[in-house]
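Heavy-atom basis, side chains included; hydrogens, waters and symmetry copies ignored. Within every chain, numbering begins at 1; the chains are lettered A, B, ... in the order of the sequence lines, protein sequences first and strands thereafter.
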Amino acid sequence: MNPTPIRGNSPQGDGNTAEGGASSNGVNQKFLKPYNPETTEDRVYESWMKSGYFNPDNLPARHTEPFSIVLPPPNVTGILHMGSALMIAIEDIMVRHARMKGMKTLWIPGTDHAAIATQSKVEKEIYQKEDKRRQDLGRVELLKRINEFADQSHTDIVNQLKKLGASLDWSREAYTLDDTRNFAVRTAFKKMYDDGLIYRGNRIVNWDPKGQTTISDDEIVYNEEKSKFYYFQYGPFVIGTARPETKFGDKYIIVHPDDARYSQYKDGQQIDLEWINGPIKATVIKDTAIDMAFGTGAMTITPWHSTVDFEIACRHNLDKEQIIDKYGKLLPITGEFAGMKISDARPKIVEKLKAKGLLVKEEDYTHNIATAERTGGIVEPQIMNQWFVNVNKKFKRGADEVSLKDLMKNAVEKDGIKIIPDRFEKVYFHWIDGLRDWCISRQIWFGHRIPVWYRGNEVYCDLEAPKDDGWTQDEDTLDTWFSSGLWTFSTLGWPAKTADLQMYHPTTILETGYDIIFFWVARMILMSKYLLGTIPFKTVYLHGLVRDEKGRKIAKSLGNNIDPVDMAKKYGVDAVRMGLIIGTGPGNDSKMGENKIRGYKNFANKIWNITRFVLTSAENFDYENKPALTEDDAKIVAEFDAILKDVSLDMDNFRFYLAGEKLYAYVWHEFADIIIEESKKKIASDDAPVKQSAQWTLFYILEQFLRALHPFMPFVTEEIWSDMPIKNKTLLMIEEWPTK
RNA sequence: GCGCGCGUAGCUCAGUUGGUAGAGCAUCUCGUUGACGUCGAGAGGGUCUCAAGUUCGAAUCUUGACGCGCGCACCA
């Protein structure tokens, strides 16, 4: 071997990934057997790893213009599913394509501690196996157990990512909870605190009684539920409610100022009336928030347990009383019902009101009940002292006064972040319009501890604990999305002014599922715009959900999960990737079945056999010396070049599903079925120019095709490439993308 | 309630600025011992959900209807 790589300083210059290799003048014996992904993939991935090319620092000199993507960090809650595999396939296609085009390409791997999701999963396991709760273990022991679990998940995830062929730069791997990222979180928190954008206050929050923590508005899942809607006599008014158990403290009756039915009552007027536990004094309040058309147009309010009521109460400076405790049980204010669970108390309360003659009527009613995404607990709004990010407060930014909301809006409206498909831009703006302050404190142990310390009435926020005595740190941790929001730059070393940050931020593309556009995409924009003053990425590409063959969501309860690694073992990763990509446009859900994958396994084998034919027909053929082409072959080459051009255009415009399909269709039904078939005569011909022209044409198409297909099916193409009789070649992964 | 998407061959979907419908799988027929863990040649199958409009021309643009799905808000 005498490796003289043409393009740069390849540490693995010979590019010979195959065992055995070709005989000096013959076709490698391995092409006589069908393509075997199982014995190929790990070896090929290993050769990529050894080459060092996943790390842009090691790429040859032609790679100059930076291209960067952060991997949406998988949660350390378990293993990857088909949806993750789709994400990997799309991103790896983008990354390999960019790398071949000569860009200094960086794809950063990492994992997400996923605070509440991980803790609740481990807690559940411990409870099931050992009948112990978090309090039984204590903070230190529980965290130890969670970290062990997270470590194992991390190992599994990394192995899966490698199995899927992801060309990630493992030397830059990050974790949302490691020291570098923790420092970034503390830095971000302090800056926002100092600017008054993070505050602590008694505000109404979403309380998850099951998880015993607050959650953000975005972590709520609404489920439709059938229940009863009751009408009660409330003095001269009739009020409606679906939640009688919250009505104990209700002493304000709200009507619309324009409602003629109640015009005889004045704002602030007091009325004595009989209520659940005896006579009370109620006050009439007039507020435009009320919907005159709904129910009787009159309602009582429970400010402690309703967001809307809370806002009304704040407007009119009304009393707020807690009725339900944080375990979902009624408090002493409810008298005889104290200590009862909501579900037990409700019918008894209705019974009592009925006995008192105050029940007017009841109706069937369907409404959405708020549940916690991770625990399934029924969310109970509560007023609590928590930490919030103020999204509306104006602050100085250059000459302007802006709010975080403004920053988020401007990023897409003015700074040119492009969202694909563009209809999600509307969704994004719509979300921002309705956005309220973001509750970021969580009463769980796994996560970034809030960098705030208390001593008596003193509050201290800094990167490190205060030096003097008597301080205790806030018990709470941060919403996991707070650290995820920093991901595009925390992974590059921020707040340190690193060379990576300089070179790779803003990142080129963010590729993720449309389901986390608010959770993650919006928060990254917020954080990057606020902390760095730049957008975090130029383009957002959103993919959809992978569903089962019948179009159902993948769910444990349905048992319809298809494990991408199982499929990869059976059909090869390349086939899995193609199956996921073809027919899957941005923003659309896709259906996944084994059939689809099987077809692409055959395709891998087809390419394998095409190679066998081409190499056998051109043994000892000198590819470097291009012969004069016959008219026929020149036409074939021109047509093929047009296909490549078309495919390149699709690649540049994120139409991977089309590019892949076009390559597939051309190679199988044009190249194999027609061009190769017709070449057989030419190659058997005694006419040397005809023969040589045909041989060169076949070789040329195969060679160019392997380059174009490599981002889609990296393993089989790299493996074939290693046996292509081409002088001075490198690994296919850094060969030039065919652009004509 | 506000907003978004989808409805094309039995199934899964393409159809990029409007030019008389395509692929894969499935079905059927024929062929194939030298590139093919199979492959090839061919066939059947669609009033592109419906209606109206714009246009020389509409699966594609506009409006409306019907059906399916999703997001957000939320009704006390």
Side-chain angles (χ1 to χ4, degrees), chain A residues 27 31-36 217-218 220 222 229-232 239-243 246-247 250 253-255 289-291 293-302 305-309 312 365-370 421-436 514-515 517-518 544-545 547 549-551 553 578-579 582-585 587-617 646 649-650 653-655 657-662 664-665 668-669 672-674 676-677 679-680 683 698:
Chain A
V27 175
F31 287 109
L32 298 176
K33 287 187 203 152
Y35 174 59
N36 185 340
D217 293 347
D218 300 286
I220 291 177
Y222 289 97
F229 191 79
Y230 305 95
Y231 289 90
F232 298 120
I239 58 153
T241 185
R243 299 201 59 191
T246 64
K247 298 282 122 187
D250 290 15
I253 179 92
I254 319 292
V255 294
I290 200 145
D291 177 3
F294 187 86
T296 59
M299 71 169 182
T300 60
I301 56 166
T302 315
H305 300 291
S306 157
T307 312
V308 178
D309 295 0
I312 294 171
Y365 181 63
T366 309
H367 70 148
N368 289 325
I369 74 162
D422 58 6
R423 62 186 148 91
F424 282 99
E425 289 182 9
K426 279 186 206 163
V427 177
Y428 175 79
F429 289 130
H430 187 246
W431 177 80
I432 291 177
D433 286 341
L435 191 60
R436 290 183 296 208
Y514 67 70
D515 51 332
I517 182 167
F518 309 135
L545 265 48
R547 297 168 176 275
E549 274 166 309
K550 292 173 187 156
K553 266 192 181 174
M578 283 294 267
I582 308 281
T584 306
N588 290 335
D589 293 352
S590 57
K591 298 189 178 100
M592 192 61 203
E594 242 182 282
N595 277 340
K596 222 172 160 182
I597 301 173
R598 192 180 303 122
Y600 295 107
K601 178 194 162 83
N602 292 344
F603 183 51
N605 197 53
K606 185 79 183 178
I607 305 164
W608 193 255
N609 282 296
I610 286 171
T611 305
R612 173 179 165 187
F613 178 82
V614 172
L615 295 188
T616 314
S617 321
D646 196 27
L649 204 64
D650 285 335
N653 289 291
F654 305 100
R655 296 189 292 256
Y657 60 108
L658 283 183
E661 201 175 1
K662 281 172 186 168
Y664 174 92
W668 200 313
H669 299 300
D673 291 351
I674 298 171
I676 286 184
E677 284 306 318
S679 77
K680 287 176 181 173
I683 284 163
L698 292 187

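Using a 4.0 Å cut-off, some side-chain N or O of A:Lys606 falls inside it from OP1 or OP2 of B:G40. Between A:Lys426 and the phosphate of B:G3, there is no side-chain N or O to OP1/OP2 separation shorter than 4.0 Å. OP1 or OP2 of B:A35 has not a single side-chain nitrogen or oxygen of A:Tyr35 nearer than 4.0 Å. Between A:Trp668 and the phosphate of B:C39, there is no side-chain N or O to OP1/OP2 separation shorter than 4.0 Å.
Not counting sequence neighbours, the partners of A:Glu594 by the salt bridge (Lys or Arg N to Asp or Glu O under 4.0 Å) test are A:Lys570. Residues meeting the side-chain hydrogen bond (donor to acceptor under 3.5 Å, both in side chains) test with A:Thr300, sequence neighbours left out: A:Lys247, A:Asp250. Under the side-chain hydrogen bond (donor to acceptor under 3.5 Å, both in side chains) criterion, A:Lys601 pairs with no residue at all, not counting sequence neighbours. The side-chain hydrogen bond (donor to acceptor under 3.5 Å, both in side chains) test applied to A:Asp673 returns A:His669, not counting sequence neighbours. For the side-chain contact (heavy atoms from CB on, under 4.5 Å) test, residues two or more places apart in sequence or in another chain that qualify with A:Phe518 are A:Asp218, A:Val427, A:Trp431. Scanning for salt bridge (Lys or Arg N to Asp or Glu O under 4.0 Å) contacts around A:Asp589 gives A:Arg547, with sequence neighbours left out. Take A:Lys680 and apply the side-chain hydrogen bond (donor to acceptor under 3.5 Å, both in side chains) test, not counting sequence neighbours, and it matches A:Glu677. Looking at residues two or more places apart in sequence or on another chain, you find a salt bridge (Lys or Arg N to Asp or Glu O under 4.0 Å) between A:Lys662 and A:Asp646, A:Asp650. In this structure, A:Asp291 has no salt bridge (Lys or Arg N to Asp or Glu O under 4.0 Å) partners at least two apart in sequence or on a different chain.
Comparing the P positions of B:A59 and B:G53 gives an interatomic distance of 15 Å, to the nearest angstrom. When the C1' atom is used for both B:U32 and B:G22, the distance is 28 Å, rounded to whole Å. B:A21 sits 14 Å from B:U49 when the P atoms are compared, rounded to a whole Å. Nucleotides B:U8 and B:C61 have their P atoms positioned 16 Å apart, rounded to a whole Å.
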Checklist outcome for this item: Given protein heavy atoms under 4.0 Å, the one-letter contact record of nucleotides 69-76 of chain B, with B base, S sugar-phosphate only and - none, is simply --SSBBBB
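Taking atom CD1 on A:Ile683 and atom C1' on B:G34, their separation rounds to 14 Å, with Å as the unit. As rounded to whole Å, 13 Å separates atom C1' of B:G42 from atom CG of A:Asp673. Put simply, CD1 on A:Ile676 is 11 Å from P on B:G40, counting in whole angstrom units. If you measure from atom CH2 of A:Trp608 to atom P of B:C39, you get 17 Å, rounded to the nearest angstrom. A straight line from CZ of A:Phe613 to P of B:G34 spans 13 Å, rounded to a whole angstrom. When the P atom of B:U16 is taken as reference, atom CG of A:Asn588 falls 14 Å away, rounded to whole Å. The CD1 atom of A:Ile607 sits 13 Å away from the P atom of B:C39 (whole-angstrom rounding). The CZ-P distance, from A:Arg598 to B:C11, rounds to 20 Å in whole Å.
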Using a cut-off of under 3.5 Å, enumerate the N/O to N/O pairs linking the protein to nucleotides 23-26 of chain B.
| unit_1 | atom_1 | unit_2 | atom_2 | d |
| --- | --- | --- | --- | --- |
| B:G24 | OP1 | A:His669 | NE2 | 3.1 |

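When base pairs are accepted only as Watson-Crick or G-U wobble with both N-N or N-O distances under 3.5 Å, RNA chain B takes part in stems of 3 or more pairs at B:1-7 with B:66-72, B:10-13 with B:22-25, B:27-31 with B:39-43, B:49-53 with B:61-65.
The base of B:A35 sits with one of its N or O atoms less than 3.5 Å from a complementary donor or acceptor on the side chain of A:Glu677.
Looking at A:Tyr222 and A:Ile369, their side chains never come closer than 4.5 Å, going by heavy atoms from C-beta outward.
Note: A:His367 and A:Tyr365 meet the aromatic proximity criterion, with ring centroids under 6.0 Å apart.
Within the 3.5 Å criterion, the main-chain N or O of A:His305 finds no donor-acceptor partner in the side chain of A:Thr302.
Residue A:Arg655 is in base contact, counting any heavy-atom pair closer than 4.0 Å across all strands shown.
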